[in-house]
Amino acid sequence: MLQQTQVETVKSYYARFLKAFPNVKQLAAAEEEKVLRLWEGLGYYRRARQLHAAAQKIVAEHDGKFPTDFESVFALPGVGRYTAGAILSLSLDQRLPIVEANTIRLYSRLIGYRDDPTKSAGQKVLWQFAEEILPKKNSGELNSAMMDLGSMICKPQDPLCGECPVAGHCTARLENLVDEIPLPKQKTKYTDVTEAAVVVRSNGKVLVRRCAQGERWAGLWDFPRAAVESRTDPKLHRELTAAVKKQTGVAIRLGEKMTTMRHGVTRYRITLHCFAANPATGPGKSTADQKWLKISDLDDLPLSVTGRKISEILQQP
DNA sequence: AAGGCGGGGAG
DNA sequence: CTCCCAGCCTT
């Protein structure tokens with residue numbers, strides 16, 4: 001539960017979870033749906049499924065007893081190097097390092113690591129450091145103390161260096177770099193793309209195409225759809241008609257009316273004025289990757305559009 | 001090496 | 001709004 005989730009948030013979930021599943025065997029025997037139910041609101045639901053699977057693995061392979069060697073714990077689903085090290089160092093005082101959000105920040109500042117510490121080069125340095133500072137005994141206590149130090153003193157913003165017991169060893173502090181370390185992760189850059197799908201109808205049927213391999217939604221069925229640059233008529237109309245023609249070989253003309261719907265979706269009430277059809281794909285003609293379908297048959301296809309029965313939406317004239 | 005996962009909380 | 005949180009897994 002603590003993977004990427006704050007301690008305060010986890011507390012109540014944890015208590016409720018352990019009340020429902022007091023031990024590994026009961027968790028293993030539970031319905032997945034029940035497990036997910038108790039996870040609702042925590043996010044990263046993969047963790048819940050993996051915890052469930054881990055419990056089942058412990059029952060199947062470890063006689064229902066939680067393993068106590070690093071390799072076995074590390075091999076459990078959802079358990080990485082941090083989690084395995086934390087479990088065994090904190091509960092059994094095994095000499096295993098941990099590196100997580102708090103200690104990434106604390107250790108980066110202590111050693112004055114100036115690059116992004118979450119990248120692999122930084123991780124290598126930090127894990128090495130985390131291992132070096134472990135004492136022969138009481139590694140669990142040291143790990144625990146370092147996380148507390150990171151969360152309460154060596155905070156992301158405005159760390160309390162005046163109260164820090166290791167401020168004298170802190171490179172960032174000595175070089176006045178506390179505010180520059182750790183370097184923030186470079187953000188994934190996203191480009192907004194506006195797409196339009198066109199529902200082409202004729203004689204109560206609607207034109208769909210199957211997305212090609214390598215394309216998004218490969219293998220699923222979709223309406224003719226394309227990224228569009230323009231947002232307003234008449235340029236947008238030209239873009240859409242060209243996209244449909246290119247994608248399906250079907251020539252259409254869009255109607256004038258336009259209604260803006262909620263959820264950022266713009267719906268065109270299109271009127272089909274004419275066809276200048278490619279004989280292979282024209283009205284009524286179907287190929288392996290392109291069909292004219294009755295609206296009621298749409299619900300039987302694996303469709304790129306999900307969430308509502310598409311046929312209900314299209315029933316409107 | 002990069003992205004996806006998913007909420008809530010703080011500033 | 002943005003940043004951050006006791007990471008892990010797949011591609």
Side-chain angles (χ1 to χ4, degrees), chain A residues 1-18 35-55 57 70-94 96-109 115-127 129-130 133-134 139-160 178-193 213-218:
Chain A
M1 285 180 177
L2 288 166
Q3 291 167 356
Q4 289 289 281
T5 304
Q6 297 186 15
V7 176
E8 277 308 306
T9 306
V10 163
K11 282 181 178 171
S12 59
Y13 282 89
Y14 178 77
R16 195 179 60 169
F17 196 90
L18 256 76
V35 179
L36 287 170
R37 219 46 181 164
L38 290 167
W39 209 273
E40 219 168 45
L42 264 185
Y44 287 134
Y45 300 97
R46 180 186 303 171
R47 297 178 299 178
R49 284 188 275 274
Q50 290 175 142
L51 181 59
H52 191 212
K57 183 168 183 174
F70 180 84
E71 288 309 322
S72 298
V73 177
F74 186 68
L76 295 171
V79 176
R81 185 173 178 186
Y82 160 72
T83 302
I87 290 170
L88 294 176
S89 73
L90 298 180
S91 65
L92 299 175
D93 197 35
Q94 294 188 19
L96 293 166
I98 57 164
V99 171
E100 41 67 73
N102 296 302
T103 43
I104 285 174
R105 185 173 55 249
L106 173 64
Y107 297 163
S108 294
R109 285 174 175 159
D115 205 344
D116 179 353
T118 67
K119 298 178 76 171
S120 59
Q123 286 291 298
K124 196 173 173 185
V125 172
L126 292 187
W127 279 102
F129 180 75
I133 62 174
L134 290 177
S139 285
E141 200 169 5
L142 181 127
N143 284 337
S144 179
M146 289 299 171
M147 287 190 283
D148 287 347
L149 189 54
S151 70
M152 296 189 292
I153 305 291
C154 198
K155 300 182 298 177
Q157 313 296 331
D158 307 315
L160 309 175
V178 170
D179 292 333
E180 332 312 320
I181 297 179
L183 219 63
K185 271 201 288 261
Q186 76 226 36
K187 279 190 298 186
T188 307
K189 277 187 285 186
Y190 296 96
T191 311
D192 288 335
V193 176
Q213 291 302 318
E215 189 181 352
R216 180 178 46 159
W217 296 322

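All values derive from a computational prediction rather than experimental measurement. A note on names: the letters A, B, ... follow the listed sequences, proteins ahead of strands, and every chain is numbered from 1. Below, each value reflects all heavy atoms present in this structure, side chains not excepted, and no hydrogens, waters or symmetry copies.
Side chains of A/Leu90 and A/Met147 form a contact here, defined as non-hydrogen atoms less than 4.5 Å apart. The shortest distance between side-chain heavy atoms of A/Ser108 and A/Leu126 falls below 4.5 Å. Looking only at side-chain heavy atoms (C-beta outward), A/Pro117 and A/Arg105 stay at 4.5 Å or farther from each other. Side-chain contact between A/Tyr44 and A/Gln4 is present, with at least one heavy-atom pair separated by less than 4.5 Å.
Within the 4.0 Å cut-off from OP1 or OP2 of C/dC5, at least one side-chain nitrogen or oxygen of A/Arg105 is found. Taking 4.0 angstrom as the limit, A/Lys187 places a side-chain polar atom (N or O) nearer than this to OP1 or OP2 of C/dC3. In terms of phosphate contacts, A/Tyr44 brings no side-chain nitrogen or oxygen within less than 4.0 Å of OP1 or OP2 of C/dC9. Taking 4.0 angstrom as the limit, A/Gln3 places none of its side-chain polar atoms (N or O) nearer than this to OP1 or OP2 of C/dG7.
In this entry the distance linking CG of A/Leu106 with C1' of C/dC4 reads 17 Å, nearest Å. Distance, A/Asp179 CG to B/dG11 P: 16 Å, rounded to whole Å. When rounded to the nearest whole Å, the span between CZ of A/Arg46 and P of B/dG7 equals 13 Å. Atom CH2 of A/Trp127 and atom P of C/dG7 are 10 Å apart (whole Å). Protein atom NZ of A/Lys11 is 11 Å distant from nucleotide atom P of C/dA6, rounded to whole Å. Between A/Tyr13 atom OH and B/dG9 atom C1' the separation is 13 Å, expressed in whole Å. Rounded to whole Å, atom P of C/dC9 lies 7 Å from atom CZ of A/Phe74. At whole-Å resolution of the value, CE in A/Met1 and P in B/dG7 are 15 Å apart.
Side-chain atoms of A/Arg47 lie closest to B/dG6 of the nucleotides B/dA2, B/dG6, C/dC9. For A/Leu2, taking side-chain heavy atoms from C-beta onward, the closest of the listed nucleotides B/dG7, C/dA6, B/dA2 is C/dA6. Looking at the side chain of A/Gln4, the nearest of the listed nucleotides C/dC8, B/dA2, C/dC5 is C/dC5. Side chain of A/Gln157, nearest nucleotide from B/dG4, C/dC4, C/dC5: C/dC4.
Looking at A/Thr103 and A/Glu100, their side chains do bring a donor and an acceptor atom within 3.5 Å of each other.
You'll find the ring centres of A/Phe17 and A/Tyr13 outside the 6.0 Å limit.
In terms of polar N and O atoms assigned as donor or acceptor, the side chain of A/Thr5 comes within less than 3.5 Å of the base of B/dG6 in a complementary pairing.
Contacts of A/Lys185 classified as side-chain contact (heavy atoms from CB on, under 4.5 Å), with partners at least two apart in sequence or in another chain: A/Asp116, A/Thr118. Every residue two or more places apart in sequence or in another chain was checked for a ring-ring contact (aromatic ring centres under 6.0 Å, His included) with A/Tyr14, and none qualifies.
DNA chain C is contacted by A/Pro77, A/Gly78, A/Val79, A/Gly80, A/Arg81, A/Tyr82, A/Thr83 of residues 76-86 of chain A, taking any non-hydrogen atom closer than 4.0 Å.
Distance check on atom C1': B/dG6 versus C/dC3 gives 15 Å, rounded to whole Å. Comparing B/dG8 with C/dC9, their C1' atoms are spaced 23 Å from each other, to the whole Å. The separation of B/dC5 from C/dC4, taken at their C1' atoms, amounts to 15 Å, rounded to a whole angstrom. Look at the P atom in both C/dA6 and B/dG11: the space between them is 14 Å, to the nearest Å.
Toward the 5′ end of DNA chain B lies the nearest nucleotide of A/Lys189, the other residue of the pair A/Lys189 and A/Gln6 mapping further downstream.
Using a 4.0 Å heavy-atom criterion, one finds that A/Glu8 contacts no nucleic acid atom at all.
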